[in-house]
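Below, each value reflects all heavy atoms present in this structure, side chains not excepted, and no hydrogens, waters or symmetry copies. Treat the numbers as computed from the prediction; the structure is a model and nothing was measured. Each chain gets a letter, A, B and so on, in the order its sequence line appears, and its residues count up from 1.
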Protein chains: 2
Amino acid sequence: MLSNACKYAIRSVLYLAIHSNELKKIGVKAITEELETPQPFLAKLLQQLSRDNLVSSTKGPNGGFFLSDIDKQNTIWNVIESIDGTDKFDNCFLGLKKCNGENPCPVHFIVVPFKETILADFRDKTIEKYVASMEGTRQVITLKDLDSF
Amino acid sequence: MLSNACKYAIRSVLYLAIHSNELKKIGVKAITEELETPQPFLAKLLQQLSRDNLVSSTKGPNGGFFLSDIDKQNTIWNVIESIDGTDKFDNCFLGLKKCNGENPCPVHFIVVPFKETILADFRDKTIEKYVASMEGTRQVITLKDLDSF
DNA sequence: TGGAAAAAAGACATCATTATCTTTTTTACT
DNA sequence: AGTAAAAAAGATAATGATGTCTTTTTTCCA
């Protein structure tokens, strides 16, 4: 569904939302160590996110990446737009260009409700709210590929 | 979610389920013209499906591909197993290896119900039933990338 | 003002998916 | 038997995603 690149990007943004701020910037190296993602590859992704104003960064000593309060008003959807593009979500599950409610493919009515649910979440819920709901329901996990307890 | 290869394969199987039988075999060329898929690529996929006994075929003049009644007892899941493999469905939406109900990623509880619904459909519903339900609810469409009316 | 730290940028390498092309095998029909 | 039709099989090519490496730019700090 999402590319590896996009998964890395989403995890990075959530990680930065939780652990960084204007006063606490985090370097690529530290992020990749936490998230266990390929270092130069994630650097590229963070550059892209930075160009699209989804993460903030400063160069030089003590520089690094962080999420400003403004950045936290963006959504997962914005991240997907930046990295993968969102065309794929418009496409039929079986690849039929003309598939729609009038002219449904065999799995159309199974897939569409899911799409609407998850895409609404991605589109409407800000990063800030995402993090808040994770904390609220004890869903905070290390995004690292390790046990969190 | 599914590769192009797998989408082509599923569409081919459904197409053959509707339009072929032991007495009416269909050649690769005719199938690719209907489905608008790359000809040699689909040929490879049909070979694979044939090896896994998901479609039947005969060589020589008047030969071609078809679905026997036995073939129609298979499922979409079997097709996915044959072409893409099903590992991807076990993986977390954000790529976290340890994501589960105890230790959920931020989208876990949004994604899981969908997965269960659609995978149950793929796993339990035979091709035969799929075709029947398409007909029953007037969802029969040409699988071709064209208007069907 | 010089050195070091860090992101930014660009060029390059690798791999899987997608797709094509050619040859071989099987089979029906004359 | 010979020929043509069709799938089967194998080799090759093109593309995009993934990943790495090197150089440049910016900025802090001594």
*asked:* Please pick, from D:dC21, D:dA9, C:dA7, the nucleotide with the shortest atom-to-atom distance to any side-chain atom of A:F65.
replied: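 Closest of the options to the side chain of A:F65: C:dA7.
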*What's the closest nucleotide to the B:N62 side chain, out of C:dA28, D:dT18, D:dA8?*
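Among the listed nucleotides, the one closest to the side chain of B:N62 is C:dA28.
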*Ignoring hydrogens and angles, state whether a donor on the side chain of B:S133 or B:K125 is under 3.5 Å from an acceptor on the partner side chain.*
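Present: a donor and an acceptor within the cut-off.
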*Do the side-chain N and O atoms of B:D52 and B:Q48 include a donor-acceptor pair separated by under 3.5 angstrom?*
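Side-chain D/A pair, B:D52 to B:Q48: present.
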Select base, sugar-phosphate, or nothing to describe what [X] touches, counting heavy atoms under 4.0 Å on all strands.
| X | answer |
| --- | --- |
| A:G63 | sugar-phosphate |
| A:A5 | sugar-phosphate |
| A:P38 | sugar-phosphate |

*Counting only side-chain N and O atoms of B:T58, is one of them less than 4.0 Å from OP1 or OP2 of C:dT26?*
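No, because none of the side-chain N or O atoms of B:T58 sits under 4.0 Å from OP1 or OP2 of C:dT26.
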*Is the distance from OP1 or OP2 of D:dA8 to the nearest side-chain N or O of B:S57 less than 4.0 Å?*
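Yes, because at least one side-chain N or O of B:S57 sits under 4.0 Å from OP1 or OP2 of D:dA8.
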*If each of B:R51 and A:P61 is mapped to the nucleotide of DNA chain D with the nearest heavy atom, which maps nearer the 5' terminus, i.e. the 5' end?*
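The residue closer to the strand's 5' end, by nearest nucleotide, is B:R51.
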*asked:* How long is the straight-line distance from CG of A:D84 back to CZ of A:F89, given to the nearest 0.5 Å?
replied: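 Spacing of CZ (A:F89) from CG (A:D84) equals 7.5 Å.
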_Using whole Å, what does the distance between atom C1' of nucleotide C:dT17 and atom CG of A:N4 come to?_
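My rounded result for the distance is 14 Å.
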*Within the modelled atom types, does a donor on one side and an acceptor on the other bring the side chain of B:K44 and the base of D:dA9 under 3.5 Å apart?*
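A donor-acceptor contact between them is present.
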*Parallel, tilted or perpendicular: which fits the ring planes of A:F114 and B:F114, with parallel below 30° and perpendicular above 60°?*
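Ring orientation, 0 to 90° scale: parallel.
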